[in-house]
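All ligand and atom numbering here is 1-based and tracks the order in the structure.
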Amino acid sequence: MNTQDIIQRVEDHYMPVFARYNIVLSHGEGPYVYDNDGKQYLDFLAGIAVNVLGHAHPALVAAITKQAGKLIHCSNLYYTEVQAKLVRNLVAVSGLDKVFLANSGAEANEGAIKLARKYAKKNNDGKFEIITAQHCFHGRTLATLTATAQPKYQEGYEPLPGGFSYVPYNDIEALKAAVTENTCAILLEPIQGEGGINMPDDNYLQQVRELCDQKGVLLILDEIQTGMGRTGTMFAYQQYGIVPDIVTLAKGLGGGVPIGAFIASDKVASSFKSGDHGSTFGGNPLASAAGNAVLAAIEEEGLLENAKTVGNYLEKGLLVLQTKYPKLITQVRGKGLMLGAQLTVPGRDIVNSCLEKGVIINCTAGDVLRFVPPLNIKRVHVDEVLAVLDAVLASL
Ligand SMILES: *Cc1c(COP(=O)(O)O)cnc(C)c1O
């Protein structure tokens, strides 16, 4: 099928919820993807912070190919060695105790919300309320879009589940004031991704942790975007000197194979009993093999260090562009390979011009250019993106 036919067929038959770019991708290699007509793109979006190893990474391809030839799926009625390895790996990197494997970010958060409520029912006299932050993003299921304190994701889906309240992000006083006798958990992204790469002050998350401890409230961190080495450590919370009660993961965990996870302390996880939660696909052998391969590659290829150093290099380059185009870029922010450039104009045209010139980035929150490339990119790739961005900004 040619490009136009493919686009037309998807538009004819797919529910009209996505605003897609007019390109048809066929394959990828390393940090590059190729469209149906053979055009090359440098991928600094990585499937929205998913392809942490880039495309067609040999170790990931080998791991899932091998697993597919043995056992793709068998349900959670049975044990598998790949799942045993994955949960052990996740416990080791998180500093927490027990894992549940799901299939997506929303599902991981949905499970974390259920676990927090269950814990509160058993230990805290029926507290049920969860506080989240404005401009957050936690997913598209009914509970997670309610947790997502942005009206544009909620409108038309009322009645929404009860028990959620919202505070401004990075405002500890507002959070203190919002905790009530019904509060069972606070759910936050350590750095807000979809909301515009919004950074916490250095001591905010520690203050949140202290507040939770004082009030007997659980701290749930949504590391679906920040986790898996994105910010230069396996989890962002490791840079803020805290450990949450529950952390959620997805995006980068399978390197592109759908998988999500929530990981909790024993104290919290033990409130789940047999039958309290479940998933047919969650943590199946194929997805588990992918998760293990990604974790092994992050370790063996030094990708945490790479995310830090190449991330700093990209940040410096963006700051140079800010100096050069102060009327267009007013701030560069983020950590590791999760960076944003705050624009004074909508980002859509810049993203489209970059795409024409063979560079994939995206714009989030309307006016923030977002850079979440594979964690194994090199400086030459950063140079390529900065050169294209420079040319695009110069033309405005
Ligand atoms: C992407 C994202 C989600 C939702 O993940 P899905 O896999 O799309 O359900 C939740 N939280 C954060 C922080 C995300 O970035």
Side-chain angles (χ1 to χ4, degrees), residues 15 17-20 45-52 100-116 130-150 152-154 157 164 166 169-170 185-200 205 208 219-231 234-237 240 244 246-263 279 281-283 287 290-291 294 334-340 361-365 368 370-373 375:
M15 295 196 189
V17 294
F18 295 115
R20 302 183 203 248
L45 182 57
I48 319 183
V50 167
N51 303 96
V52 288
F100 183 92
L101 295 169
N103 306 289
S104 69
E107 245 187 79
N109 282 336
E110 187 85 21
I113 291 165
K114 286 177 69 180
L115 177 58
I130 295 178
I131 303 173
T132 67
Q134 284 159 14
H135 306 292
C136 68
F137 184 80
H138 297 301
R140 303 286 203 144
T141 62
L142 270 176
T144 60
L145 74 83
T146 307
T148 297
Q150 300 194 55
K152 69 171 175 182
Y153 295 112
Q154 301 177 342
Y157 299 115
F164 291 89
Y166 315 120
Y169 179 66
N170 198 26
I186 294 168
L187 164 60
L188 295 172
E189 295 161 83
I191 298 171
Q192 292 187 328
E194 303 305 303
I197 316 291
N198 301 322
M199 301 291 294
L205 291 169
V208 175
L219 176 57
I220 308 172
L221 290 181
D222 176 345
E223 293 239 19
I224 288 163
Q225 193 157 154
T226 52
M228 296 305 287
R230 173 70 40 205
T231 68
M234 192 60 81
F235 295 90
Y237 63 73
Y240 292 98
I246 309 174
V247 66
T248 60
L249 271 181
K251 293 204 162 86
L253 177 53
V257 176
I259 183 169
F262 58 101
I263 317 171
S279 172
F281 290 124
V294 170
K335 253 189 202 303
L337 283 171
M338 179 173 181
L339 294 169
I361 55 171
N362 99 321
C363 165
T364 190
V368 180
R370 174 169 51 173
F371 305 84
V372 283
L375 303 184

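Residue-ligand proximity, S104 to ligand 1, at heavy-atom distances under 4.0 Å covers atoms 7 (O), 9 (O). Of all atoms in ligand 1, numbered sequentially from 1 with element shown, those under 4.0 Å from a heavy atom of D222 are 10 (C), 11 (N), 12 (C), 13 (C).
Residue I224 holds its CD1 atom at 4.0 Å from CG of N109, rounded to the nearest 0.5 Å.
Within 6.0 Å of CZ in F281 there are 12 or fewer heavy atoms belonging to other residues, nucleotides or ligands.
Contacts between A106 and ligand 1 below 4.0 angstrom, taking non-hydrogen atoms only, involve backbone and side chain alike. Only the backbone of H138 comes within contact range of ligand 1, with a heavy atom under 4.0 Å; no side-chain atom does. At a heavy-atom distance under 4.0 Å, no atom of R140 approaches ligand 1. With a heavy-atom cut-off of 4.0 Å, N109 touches ligand 1 through its side chain alone.
The presence of a protein heavy atom under 4.0 Å from atom 8 (O) of ligand 1 is ruled out.
Checking only distances, E107 never comes within under 3.5 Å of ligand 1, N or O to N or O. Taking only nitrogen or oxygen atoms, main chain and side chain alike, K251 reaches within less than 3.5 Å of ligand 1. Taking any N or O of G139, backbone or side chain, none lies under 3.5 Å from an N or O belonging to ligand 1. Polar contact with ligand 1: absent for I224 (N/O pair, distance under 3.5 Å).
Listed for the Q134 side chain is no donor-acceptor partner under 3.5 Å among the backbone atoms of Y166.
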**Message:** As a quick check of understanding, evaluate side chain to side chain contact (heavy atoms under 4.5 Å, CB included) for I220 and V247, giving each step before the final call.
**Reply:** CA-CA 6 Å; I220 308 172; V247 66; over 6 Å; no
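Between S279 and N103 the shortest heavy-atom distance is OG-ND2, 3.4 Å. Between V52 and R230, the shortest heavy-atom contact is CG1-NH2, 3.8 Å.
Proximity of E194 to Q225: side-chain heavy atoms (C-beta onward) are separated by under 4.5 Å at one or more points. A heavy-atom distance below 4.5 Å is not found between the side chains of Y237 and L205.
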